[in-house]
2 protein chains.
Amino acid sequence: MTRPRLEVLAAVHDHPHADTATLLRVVREPLPAVSHQAVYDSLHTLTDAGLVRAIQPAGSATRYEARVGDNHHHVVCRGCGVVADVDCAVGETPCLHPSDAHGFALDEAEVVYWGRCPQCLAATTP
Amino acid sequence: MTRPRLEVLAAVHDHPHADTATLLRVVREPLPAVSHQAVYDSLHTLTDAGLVRAIQPAGSATRYEARVGDNHHHVVCRGCGVVADVDCAVGETPCLHPSDAHGFALDEAEVVYWGRCPQCLAATTP
DNA sequence: CGTCTTGTCTTGACGGATTCAAGACAAGAC
DNA sequence: GTCTTGTCTTGAATCCGTCAAGACAAGACG
Ligand SMILES: [Mn+2]
Ligand SMILES: [Mn+2]
Ligand SMILES: [Zn+2]
Ligand SMILES: [Zn+2]
């Protein structure tokens, strides 16, 4: 665990669902000389270690969060792209048994709810 | 409905879950001079018209399919990226009512099952 | 007809996000 | 004290998709 990794982990903790560019900016506050590659590497390492989780909604750059292992899902705004957490409505492993898995060995069911956030709703219907 | 659009639509019909590069190659068989931009434009037009659907699994380029309006989901292989259809196990609109939508107006619940396809399973455990 | 308008298509350059590749560096192993 | 290994920096490169400008074709309208 090196300095860049620790700062990246802290940044992800403090800014859930932030994209890489944002995290890079945040990490450079306490650690101005850090390279983008170090941040990318750290994010990959932390992801592989299971300390952070990557989410990649269509139309956004990769986002990261520190809330792992609790099988929660996300709502994404079609307008501004903001992401919020939603707990799984079904239970621990929602829908992890589809009708026909085609012989795949499944390890995750990813659920993304698409819609419009309150702000974007207000902006289009004033 | 112009020639490029028809060929793109046919290509999506014949190659479900193909990415844009593949579709471009397929369309150029009957229509060798078509430009990549025309294919991108056609795919967007067809998507907006609801004739095709775009899916963007993390780690893949955008893929298209002609099976629309039936609320089916996908299994994606972590090894080779292959995509297969799965019918919704829950019903018509699966999980469309999460525990807390944070005031979002939802219109779609997207479900992606992640795992390994039979081929990739066989390759790693010979 | 002849011209105008509109939308699609071609061409080529551009952009953002991520990865690749090479070397510098630092800390622990022996 | 030197070797080894892994991480970090730097800068170029790649991939996917978009932008922008002009060419072109077909229908509308006089
Ligand atoms: Mn989350
Ligand atoms: Mn499908
Ligand atoms: Zn919004
Ligand atoms: Zn596979």
Side-chain angles (χ1 to χ4, degrees), chain A residues 1-12 15 17-65 76 78-83 112, chain B residues 1-12 15 17-65 76 78-83 112:
Chain A
M1 269 303 142
T2 60
R3 189 75 201 285
R5 290 186 180 179
L6 288 172
E7 294 295 348
V8 169
L9 183 57
V12 175
H15 298 79
H17 311 131
D19 60 28
T20 317
T22 303
L23 293 173
L24 181 55
R25 227 175 303 120
V26 171
V27 170
R28 281 183 172 161
E29 287 168 15
L31 208 59
V34 80
S35 69
H36 68 129
Q37 191 64 254
V39 171
Y40 275 103
D41 287 351
S42 298
L43 286 169
H44 288 167
T45 306
L46 293 169
T47 302
D48 292 345
L51 294 175
V52 306
R53 177 182 166 198
I55 59 178
Q56 302 181 234
S60 305
T62 310
R63 292 156 180 273
Y64 292 88
E65 66 180 343
V76 182
R78 291 197 192 276
C80 63
V82 70
V83 175
V112 177
Chain B
M1 269 304 143
T2 60
R3 189 78 200 283
R5 289 185 182 179
L6 288 172
E7 293 295 349
V8 168
L9 183 56
V12 174
H15 299 78
H17 312 130
D19 60 28
T20 318
T22 303
L23 294 173
L24 181 55
R25 229 176 300 119
V26 170
V27 169
R28 280 184 172 160
E29 287 168 15
L31 207 60
V34 80
S35 69
H36 68 128
Q37 191 65 255
V39 172
Y40 276 103
D41 286 351
S42 299
L43 287 169
H44 289 167
T45 306
L46 293 169
T47 302
D48 292 346
L51 294 174
V52 307
R53 177 182 166 197
I55 58 177
Q56 303 180 234
S60 305
T62 308
R63 293 157 179 272
Y64 291 88
E65 67 180 341
V76 182
R78 291 197 193 275
C80 63
V82 70
V83 176
V112 177

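Naming convention: chains lettered A, B, ... in sequence-line order (proteins, then strands); numbering from 1 in each chain.
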- Phosphate-side-chain proximity, A:Thr45 and D:dT7, N/O vs OP1/OP2 below 4.0 Å: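 False: A:Thr45 side-chain N/O out of range (4.0 Å or more) of D:dT7 OP1/OP2.
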Which whole-number value in Å describes the distance from [X] [atom1] to [N] [atom2]?
| X | N | atom1 | atom2 | value |
| --- | --- | --- | --- | --- |
| A:Met1 | C:dA26 | CE | C1' | 17 Å |
| B:Arg3 | C:dC9 | CZ | P | 12 Å |
| A:Tyr40 | D:dT14 | OH | C1' | 13 Å |
| B:Leu9 | C:dT8 | CG | C1' | 17 Å |
| B:Asp41 | C:dT10 | CG | C1' | 11 Å |
| A:Glu7 | D:dT7 | CD | P | 18 Å |
| B:Leu24 | D:dC16 | CG | P | 12 Å |
| A:His36 | D:dG11 | NE2 | C1' | 8 Å |

- Check whether any side-chain N or O of B:Arg5 sits under 3.5 Å from a backbone N or O of B:Leu46 as a donor-acceptor pair, and report yes or no.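 A pair under 3.5 Å: no.
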- Query: Where the side chain of B:Arg53 meets the backbone of B:Thr47, is there a donor-acceptor pair that is under 3.5 Å apart?
  - Reply: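 No.
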Distance check, rounded to the nearest 0.5 Å: [X] atom [atom1] versus [Y] atom [atom2]?
| X | Y | atom1 | atom2 | value |
| --- | --- | --- | --- | --- |
| B:Arg63 | B:Thr20 | CZ | OG1 | 9.5 Å |
| B:Thr45 | B:Tyr40 | OG1 | OH | 14.5 Å |
| B:Ser42 | B:Arg3 | OG | CZ | 12.0 Å |
| A:His44 | A:Tyr64 | NE2 | OH | 4.5 Å |
| A:Glu29 | A:Glu7 | CD | CD | 10.0 Å |

What nucleotide among [options] has an atom nearest to a side-chain atom of [X]?
| X | options | answer |
| --- | --- | --- |
| B:His44 | C:dT19, C:dT10, D:dT18 | D:dT18 |
| B:Val34 | C:dA13, C:dT10, D:dC8 | C:dT10 |
| A:Arg5 | D:dT7, C:dT11, D:dT10 | D:dT7 |
| B:Thr20 | C:dT8, D:dC8, D:dG17 | D:dG17 |
| B:Pro4 | C:dG12, C:dC9, D:dT7 | C:dC9 |

- Residues of residues 50-64 of chain B with any non-hydrogen atom less than 4.0 angstrom from an atom of DNA chain D: list those, numerically ordered, please.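 Close to the strand are B:Ala61, B:Thr62.
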- Across all strands shown, which nucleotide pairs with C:dG2 by Watson-Crick or G-U wobble geometry, both distances under 3.5 Å?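 Here C:dG2 is engaged in a pair, and the nucleotide opposite it is D:dC29.
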- Counterpart base for C:dA29, defined by Watson-Crick or G-U wobble contacts under 3.5 Å: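 Result: D:dT2.
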- Message: Over all strands shown, is A:Ser35 touching base, sugar-phosphate only, or nothing at heavy-atom distances under 4.0 angstrom?
- Response: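 The residue A:Ser35 makes base contact.
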- Contact class for A:Ala21 (heavy atom, under 4.0 Å): base, sugar-phosphate, or nothing?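 If one applies the 4.0 Å heavy-atom cut-off, A:Ala21 turns out to touch nothing in the nucleic acid.
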- Query: Does a side-chain heavy-atom distance below 4.5 Å link A:Asp19 with A:Ser60?
  - Reply: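 When only atoms from C-beta onward are counted, A:Ser60 and A:Asp19 do not touch, as no gap falls below 4.5 Å.
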